Amino acid sequence: MMKAIKAPRGTRDILPPDTALWNFVEAAVRDVFRAYNFQEIRTPIFESTELFARGVGEETDIVSKEMFTWEDRGRAESDKGQSLTLRPEATAGIVRAYIEHKMWDRGLNKFFCIGPMFRRERPQKGRYRQFYQIDAEVIGPASSGSDLPARDAEILEMLATLLHRLGITHWNLELNSVGSSQERVKFNEALRVALEPVKDKMCVDCQRRAVTNPLRVLDCKVPEDQPIIDKLPRITDFLEDESRKHFDAVQNILTKVGVPFSINTRLVRGLDYYTRTAFEFTHGALGAQNAILGGGRYDGLSEALGGPAAPGIGFAIGEDRLILSLQEKTPAEAVVRRPGVYVAPMAGMNADAAQLARELRRHDLVVELGDENFRLKKSFEAADKAGAKYILIVGENEVKADAFALKNLATGEQVQIGRAELAAWLKARIVP
RNA sequence: GUGGGAGUAGCUCAACUGGCAGAGCAUCGGACUGUGGCUCCGACGGUUGCGGGUUCGAUUCCCGUCUCCCACCCCA
């Protein structure tokens with residue numbers, strides 16, 4: 001035998017019945033998002049490498065060491081050597097599409113997108129090289145209201161609704177404002193200055209961060225560093241009136257609509273493009289990967305990508321993690337749709353059985369069809385295994401009488417139903 | 001990328017200081033040719049993740065490698 005080929009590192013197959021759980025989540029997402037007037041957008045799974053370099057930020061870990069990048073080998077001179085990258089996140093591609101299709105003419109755009117993302121990280125539970133994100137973005141010219149706090153609050157409230165709908169409790173919403181890009185530059189500088197005299201007393205990681213990305217020092221979890229971090233400047237002190245008012249307004253709305261949150265002035269996010277509102281929903285029982293979703297405002301991203309000013313806010317839900325946290329309460333078996341009827345033909349009755357199955361399926365019943373070569377006993381076993389609620393026996397007597405034996409597999413109750421009434425009879429007794 | 005743990009039948013796991021690789025469940029068949037679940041009997045199923053080394057002999061010891069898991073890192 002040839003050497004078995006396995007799924008590449010960090011990828012996995014999602015099999016039934018788990019796929020039913022994925023569909024359950026995605027159906028809930030589509031349903032909830034529709035109520036908030038979000039519409040689906042689908043963008044390519046690979047893009048020009050430059051898009052992510054400019055959009056996500058050259059200095060981020062994502063861009064500097066985690067992207068799947070290759071050089072396209074085009075035949076035409078013009079595409080030779082074009083560098084392409086599997087998308088590591090969704091926002092950059094969506095903003096690129098916004099610019100490319102000049103969608104500012106449409107006013108306020110509310111998009112969502114579900115699909116795989118790719119990052120070359122070391123795999124762990126809830127962390128894969130191909131992982132799935134549910135992404136939503138609100139973007140448009142400022143005249144459309146895209147920069148207003150009501151949009152931030154609406155998105156957060158929508159997320160709370162979605163989690164509630166999925167039956168996920170015990171989440172925690174952490175909220176912060178990271179300021180405008182100008183405010184952040186000042187804050188960064190202040191941090192660098194404040195860290196200079198104390199960084200030698202900190203952990204090795206912080207010593208490195210103090211130079212490369214001071215904001216990340218705030219994220220440090222080493223207990224010994226906490227007293228030092230507590231004395232560092234806070235972003236709140238660098239927010240000017242407009243940013244502060246914006247942040248206050250978001251909080252006011254959330255309080256009014258009853259979405260609980262906590263302020264975490266140390267919350268920073270890994271992508272360079274975030275401005276003002278930044279947030280994260282966490283959930284216990286996910287180990288170190290406790291961030292179930294995260295997002296924020298990115299008022300300058302469109303311009304960084306060569307587009308017009310287009311404030312925006314969005315988030316990404318880690319679908320893999322969402323499903324991990326869901327599985328504790330809702331096993332996939334609970335949402336998988338089992339057959340309502342198993343049609344069991346006796347010897348020579350395949351054609352009649354197929355005809356019956358066709359009729360029932362046209363009435364939107366889930367039907368599994370057996371085979372005339374199966375002995376009845378085997379048909380019963382197959383019906384059980386398929387999880388069917390009823391078994392329909394198609395034998396010579398039944399075909400002659402045009403009425404069929406229908407047995408409830410759980411109760412053992414058996415009745416004889418005429419062909420014309422079959423579908424209606426079953427539909428009345430099978431909950432979809 | 002760093003450190004640690006684990007990999008044995010489809011699944012969950014055994015196999016004593018190195019000595020014939022096993023059980024339960026699942027699958028298939030029979031008891032049972034138009035009525036299942038229970039029971040009984042039988043069968044199938046493995047180069048012990050892969051490659052090398054030590055040894056008369058390796059699932060067991062050593063080295064390498066792959067994958068998963070845990071913690072960092074990072075993030076969803």
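To find a chain, count down the sequence lines: A is the first, B the second, and so on, and within it residues start at 1. As the structure is a computational prediction, the values presented were derived from the model and not from experiment.
For A:Glu66 and B:rG1, a side-chain-to-base donor-acceptor distance below 3.5 Å is absent, hydrogens and geometry of angles not being considered. Residue-to-nucleotide contacts include no donor-acceptor pair under 3.5 Å from the side chain of A:Arg122 to the base of B:rC72. For B:rC75, its base sits under 3.5 Å from the side chain of A:Arg321 at one donor and acceptor pair at least. Residue side chain A:Asp384 does not reach the base of B:rG37 through any donor-acceptor N/O pair under 3.5 Å, judged by distance alone. On a pure distance criterion of 3.5 Å, no polar donor-acceptor pair joins the side chain of A:Arg127 and the base of B:rA76. Contact of A:Lys407 with B:rU35 (side chain to base): a donor-acceptor pair of N or O atoms is detected under 3.5 Å.
In this structure, A:Lys65 does not reach the B:rC73 phosphate: none of its side-chain N or O atoms is under 4.0 Å from OP1 or OP2. OP1 or OP2 of B:rG29 lies within a sub-4.0 Å distance of a side-chain N or O belonging to A:Lys378. In this structure, A:Lys385 reaches the B:rU27 phosphate: one of its side-chain N or O atoms is under 4.0 Å from OP1 or OP2. One finds no side-chain N or O of A:Gln414 lying less than 4.0 angstrom from the OP1 or OP2 phosphate oxygen of B:rU35.
In this structure, A:Gly412 reaches the bases: a heavy-atom distance under 4.0 Å links it to at least one base atom across the strands shown. Base engagement by A:Glu396 is indicated by at least one non-hydrogen atom pair under 4.0 Å involving a base atom. Base contact: A:Asn397 has a heavy atom under 4.0 Å from a base atom. At the heavy-atom level, A:Leu376 lies under 4.0 Å from base atoms of the strands shown. Among the atoms of the strands shown, base atoms are found under 4.0 Å from some heavy atom of A:Leu409.
Listed candidates were B:rC70, B:rU67, B:rC75. Nearest to the side chain of A:Gln124 is B:rC70. When distances are taken from the side chain of A:Arg119 to each of B:rU35, B:rA76, B:rG36, the shortest belongs to B:rA76. Comparing B:rG1, B:rA31, B:rC68 against the side chain of A:Arg375 picks out B:rA31 as the nearest. With B:rU35, B:rC73, B:rG36 as the choices, the nucleotide that has an atom nearest any side-chain atom of A:Glu381 turns out to be B:rG36.
Surrounding CD of A:Glu303 are more than 12 heavy atoms belonging to other residues, nucleotides or ligands, all under 6.0 Å away.
A salt bridge is absent between A:Lys110 and A:Glu137: the closest approach of a Lys/Arg side-chain nitrogen to an acidic carboxylate oxygen does not fall below 4.0 angstrom. Residues A:Asp230 and A:Arg266 are paired through a salt bridge, judged by an N-O separation under 4.0 Å between the basic side chain and the carboxylate. For the pair A:Lys385 and A:Glu381, the salt-bridge criterion is not met [side-chain N within less than 4.0 Å of a carboxylate O].
For the pair A:Lys377 NZ and B:rU39 C1', the interatomic distance rounds to 10 Å; values are reported in whole Å. Atoms CG (A:Asn290) and P (B:rC74) sit 14 Å apart, rounded to a whole Å. Rounded to a whole Å, the CZ atom of A:Arg120 is 14 Å from the C1' atom of B:rU2. In this structure, A:Glu121 atom CD and B:rC72 atom C1' are separated by 13 Å, rounded to whole Å. The CD1-C1' distance, from A:Ile292 to B:rC75, rounds to 14 Å in whole Å. Summarising the geometry, the separation between CG on A:Leu324 and C1' on B:rC69 is reported as 13 Å, rounded to the nearest angstrom. Rounded to whole Å, the distance from CD1 on A:Ile393 to C1' on B:rG34 is 7 Å. Atom P of nucleotide B:rG36 and atom CG of A:Leu392 are separated by 17 Å, given to the nearest angstrom.
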**Prompt:** Between A:Arg276 and A:Phe247, does a side chain to side chain contact (heavy atoms under 4.5 Å, CB included) hold up when you go through it step by step?
**Reply:** CA-CA 8 Å; A:Arg276 290 194 171 163; A:Phe247 193 34; over 6 Å; no

**Request:** Could you walk me through whether A:Ser48 and A:Thr85 pass the side chain to side chain contact (heavy atoms under 4.5 Å, CB included) test, one step at a time?
**Result:** CA-CA 6 Å; A:Ser48 286; A:Thr85 293; over 6 Å; no

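B:rC41 sits 16 Å from B:rC32 when the P atoms are compared, rounded to a whole Å. Here the separation of B:rC13 from B:rA6, taken at their C1' atoms, is 14 Å to the nearest Å. When the C1' atom is used for both B:rG51 and B:rC44, the distance is 30 Å, rounded to whole Å. With both ends at atom P, the span from B:rA26 to B:rC62 equals 38 Å, rounded to whole Å. To the nearest whole angstrom, the two C1' atoms, one in B:rC61 and one in B:rG1, are 31 Å apart. Going from the P atom of B:rG24 to that of B:rG42 covers 11 Å, rounded to whole Å. When the C1' atom is used for both B:rA9 and B:rU48, the distance is 10 Å, rounded to whole Å. For the P atoms, the distance from B:rC63 to B:rG5 is 12 Å, rounded to whole Å.
Between A:Lys407 and A:Ile393, the closest side-chain pair of non-hydrogen atoms is not below 4.5 Å. The closest side-chain heavy-atom distance from A:Gln133 to A:Leu293 is not below 4.5 Å.
Ring-to-base geometry does not place A:Phe380 in a stacked arrangement with B:rG37 (centre distance under 5.5 Å, plane angle under 30° required).
A:Thr255 and A:Gln251 are not linked by any side-chain donor-acceptor pair at a separation below 3.5 angstrom, with hydrogens and angles left out of the test. The closest side-chain donor-acceptor pair between A:Thr282 and A:Asn290, if any, does not fall under 3.5 angstrom.
If you find the closest nucleotide of RNA chain B to A:Pro8 and to A:Gly294, the one lying nearer the 5' end belongs to A:Pro8.
In this structure, A:Phe112 has its ring center closer than 6.0 angstrom to the ring center of A:Phe33. In this structure, A:Trp425 has its ring center no closer than 6.0 Å to that of A:Phe404.
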Heteroatom pairs (N/O) under 3.5 angstrom, protein to nucleotides 41-43 of chain B:
none

**Fill in**
Intra- and inter-strand pairing of RNA chain B, written as dot-bracket with Watson-Crick and G-U pairs under 3.5 Å and | for the latter, reads (((((((..((((.....[..)))).(((((.......))))).....(((((..]....))))))))))))....

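Within the structure, ring pair (Phe, Tyr, Trp, His ring centres under 6.0 Å) contacts touching residues 186-238 of chain A (residues at least two apart or in different chains) are A:Phe187-A:Phe238.
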